[in-house]
Engineer: 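First, the structure itself, so that you have it in front of you.
All values reported here derive from a predicted model rather than from experimental measurement.
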Amino acid sequence: MFETLKNAFKVKEIRKKIFIMLLILLVYRLGCYIPVPGLDSAQFSTIVEGNNFLNLMNAVTGGALASGTLFALGIGPYINSSIIIQLLCVGIPALERLSKQGEEGKRKIAQLTRYLTLLLAIIQAIGIIINFGNDGAIKFAFFWDQKWLAYIYMTIIYSAGALLTMWLGERITEYGVGNGISLIIFVGIISTAGLTLLDKIISAFTGGFNFQPLLEVIVFCVLSVIIFALIVTVDLAERRIPVQYAKQVKGRKMYGGQSTIIPIKISGSGVMPLIFAFAIISLPDLIMGLFWPNSSAYEWYGTYISSGQGSWGWVYILVLCLLIFAFSFFYAQIQFNPEDISKSIQQNGGFIPGIRPGRPTADYLKKISNRITLFGAIFLSLVAFIPSLVFSFVGTEFVNVFSTTGILIVVSVALEFDKELQSKLMMKNYKGFLK
């Protein structure tokens, strides 16, 4: 990857794109530190730390939510709207046809995603602001003691911040390198980890030199490298199914006779099953925290189910694993359709060696896909618990440095960015060869 970066900076066009990407990411990080007038940031932070779902959102925004800054909602509304639209494209025939209409269809789907992002940003901002206002995080005296004015003001500010974050991500995709939305999430997670490590290093030199915090940081970095290496190994693993195409004579030319492969990745669903599982298990916690924060049900759910603490921790583990398995198989069916692939292979005169074309090929592909999805779900279930367990041996401060989804997101985005740079370098070499 470092070799790819070095070669990319040697090419003027790619170097320009990288600088544009870094500049936009810098603007985003500056927005994460711009305070919103009328808020008590200390109270804001206390409320966020007491809610598991808000803690997860805070990690993705790089600490912007806990500080109550301009980009407090971050890219969350856009991610949620993208997931909803993607699921609706599977369930609603009209949207499914629209998604298959090429570039024009993609533009319309993107526009629908933006509209839904605005709606979700408004709903999310209202819910958080009402909850925070009841807990004293909003200084109503700043708004002449008019609650309705404060709520409208905050909703506009945070909705605008979410839309601006979405716009910055789209500009990175258009003018920079890689997927802008993924890079914004990546920067937010890395920033959260960097701030935690920086605080730990500073504590080593506060009140005299203490080597213990530095030793913990070193052990944490070594364990992180090992965990990331194992995740990258599994993330790049794939099952390759050979496909042979028969020779066809059309006119005076002969076509086909070639061999190719169908790659099926073990972690083909990526981080999506984990995001779905954590969102579902945290949703009751969020709703009860917003509307019934003092109820015994909220306290019980937050202790035994949402966080997995106490004697009922096995319930949290069981429910989370079941959700991961369910969403893994659900998402695999969305991404990989054995019937369509079998039909495409047969129409192009191809076949899998040892398997008859048609229905037997579809059944064979479905069996392989289910087996690989099973191993992928087991891998995601292990990733959901092992990193936090390993980091807890270093110190309690490091348990939440990299969330479970954060680790997979960092790995996926880094690999995606590396592939994007390699493809741009390859295209540049092809252009030079043609000239």
Engineer: Hey, which of V217, I218, V219 is the one that makes side chain to side chain contact (heavy atoms under 4.5 Å, CB included) with C221?
Structural biologist: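 It is V217, the one option of V217, I218, V219 that forms the side chain to side chain contact (heavy atoms under 4.5 Å, CB included) with C221.
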Engineer: Quick one: OG1 on T117 to CD1 on I84, what's the gap to the nearest 0.5 Å?
Structural biologist: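 Going from the OG1 atom of T117 to the CD1 atom of I84 covers 9.0 Å.
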Engineer: Would you compute the distance between atom CZ of F220 and atom CD of E216 and round it to the nearest 0.5 angstrom?
Structural biologist: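 Reported value, rounded in 0.5 Å steps: 11.5 Å.
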Engineer: Is there a side-chain contact between I378 and F325, using heavy atoms and a 4.5 Å cut-off?
Structural biologist: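 Yes, side chains in contact.
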Engineer: Between R107 and E104, does any NZ, NE, NH1 or NH2 come within less than 4.0 Å of an OD or OE carboxylate oxygen?
Structural biologist: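 Looking at E104 and R107, the cut-off is met.
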Engineer: Heavy-atom count check: over 12 atoms from other residues, nucleotides or ligands less than 6.0 Å from K366 NZ?
Structural biologist: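 No.
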Engineer: Determine the minimum heavy-atom distance between G161 and T165, stating which atoms define it.
Structural biologist: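 Looking at all heavy atoms of both residues, the closest pair is O-OG1, 2.8 Å.
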Engineer: Between I172 and L183, what is the shortest heavy-atom contact and its length?
Structural biologist: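 Heavy atoms of I172 and L183 come nearest at CG2-CD1, 3.8 Å.
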Engineer: Any sub-3.5 Å donor-acceptor pair from T373's side-chain atoms to F329's backbone N or O?
Structural biologist: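 No: the side chain of T373 does not pair with the backbone of F329.
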Engineer: Where do I34 and F71 land on the side-chain contact (heavy atoms from CB on, under 4.5 Å) test, with the steps shown first?
Structural biologist: CA-CA 8 Å; I34 297 176; F71 291 159; over 6 Å; no
Engineer: For the pair S369 (side chain) and L365 (backbone), establish whether a donor and an acceptor sit closer than 3.5 Å, ignoring hydrogens and angles.
Structural biologist: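 No, S369 side chain to L365 backbone: no donor-acceptor pair under 3.5 Å.
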Engineer: Give the minimum heavy-atom separation between T361 and R356, together with the two atoms involved.
Structural biologist: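 The answer is OG1-O, 2.6 Å.
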Engineer: Please report the closest heavy-atom contact between Q346 and G358, naming both atoms and the distance.
Structural biologist: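 For Q346 and G358, the tightest heavy-atom pair comes out as OE1-CA, 3.6 Å.
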Engineer: When you compare the side chain of L230 with that of V234, does any pair of heavy atoms fall below 4.5 Å?
Structural biologist: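 Answer no - side chains too far apart.
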Engineer: Could you tell me whether the side chain of Y175 reaches within less than 4.5 Å of the side chain of I24, counting heavy atoms only?
Structural biologist: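 Result no, sub-4.5 Å side-chain heavy-atom pair not found.
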Engineer: So do I85 and L116 actually touch side chain to side chain, heavy atoms under 4.5 Å?
Structural biologist: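 L116 vs I85: side chains touch.
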Engineer: To the nearest 0.5 Å, tell me how far L112 CG sits from L88 CG.
Structural biologist: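 One gets 9.5 Å once the value is rounded to the nearest 0.5 Å.
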Engineer: Report the distance from atom CZ of F186 to atom CG of N179, rounding to the nearest 0.5 Å.
Structural biologist: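 Atom-to-atom, F186:CZ and N179:CG are 13.0 Å apart.
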Engineer: Measure the CD1-CG distance between I18 and L421 for me, rounded to the nearest 0.5 Å.
Structural biologist: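 These two atoms lie 5.0 Å from each other.
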Engineer: Taking the side chain as C-beta and beyond, is there a heavy-atom pair between R239 and K265 under 4.5 Å?
Structural biologist: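 R239 vs K265: side chains apart.
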Engineer: If you count the non-hydrogen atoms of other residues, nucleotides and ligands that lie under 6.0 Å from CZ in R114, is the total more than 12?
Structural biologist: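 Buried by this count: over 12 neighbours within 6.0 Å.
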Engineer: Pair V177, F417 - check side-chain contact (heavy atoms from CB on, under 4.5 Å), show working.
Structural biologist: CA-CA 7 Å; V177 180; F417 181 73; 3.7 Å; yes
Engineer: Taking everything shown except R15 itself, do over 12 heavy atoms lie less than 6.0 Å from its CZ?
Structural biologist: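 Correct, the count exceeds 12.
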Engineer: Is the backbone N or O of T155 less than 3.5 Å from a side-chain atom of S159, with the two atoms forming a donor-acceptor pair by type?
Structural biologist: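 The answer is yes, because a donor-acceptor pair under 3.5 Å joins these two groups.
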Engineer: In Å and rounded to the nearest 0.5 Å, what is the CG to NZ distance from L98 to K106?
Structural biologist: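 Output value for this atom pair is 12.0 Å.
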Engineer: Can you give me the closest heavy-atom contact between T69 and Y158, atom names plus distance?
Structural biologist: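 Minimum heavy-atom separation between T69 and Y158: O-CE2, 2.9 Å.
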Engineer: So which atom in S342 and which in A362 form the shortest heavy-atom distance, rounded to 0.1 Å?
Structural biologist: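 S342 and A362 have their closest heavy atoms at OG-N, 3.6 Å.
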Engineer: Does the pair V243 and I345 meet the rule for a side-chain contact (heavy atoms from CB on, under 4.5 Å), with working shown?
Structural biologist: CA-CA 8 Å; V243 178; I345 292 173; 4.0 Å; yes
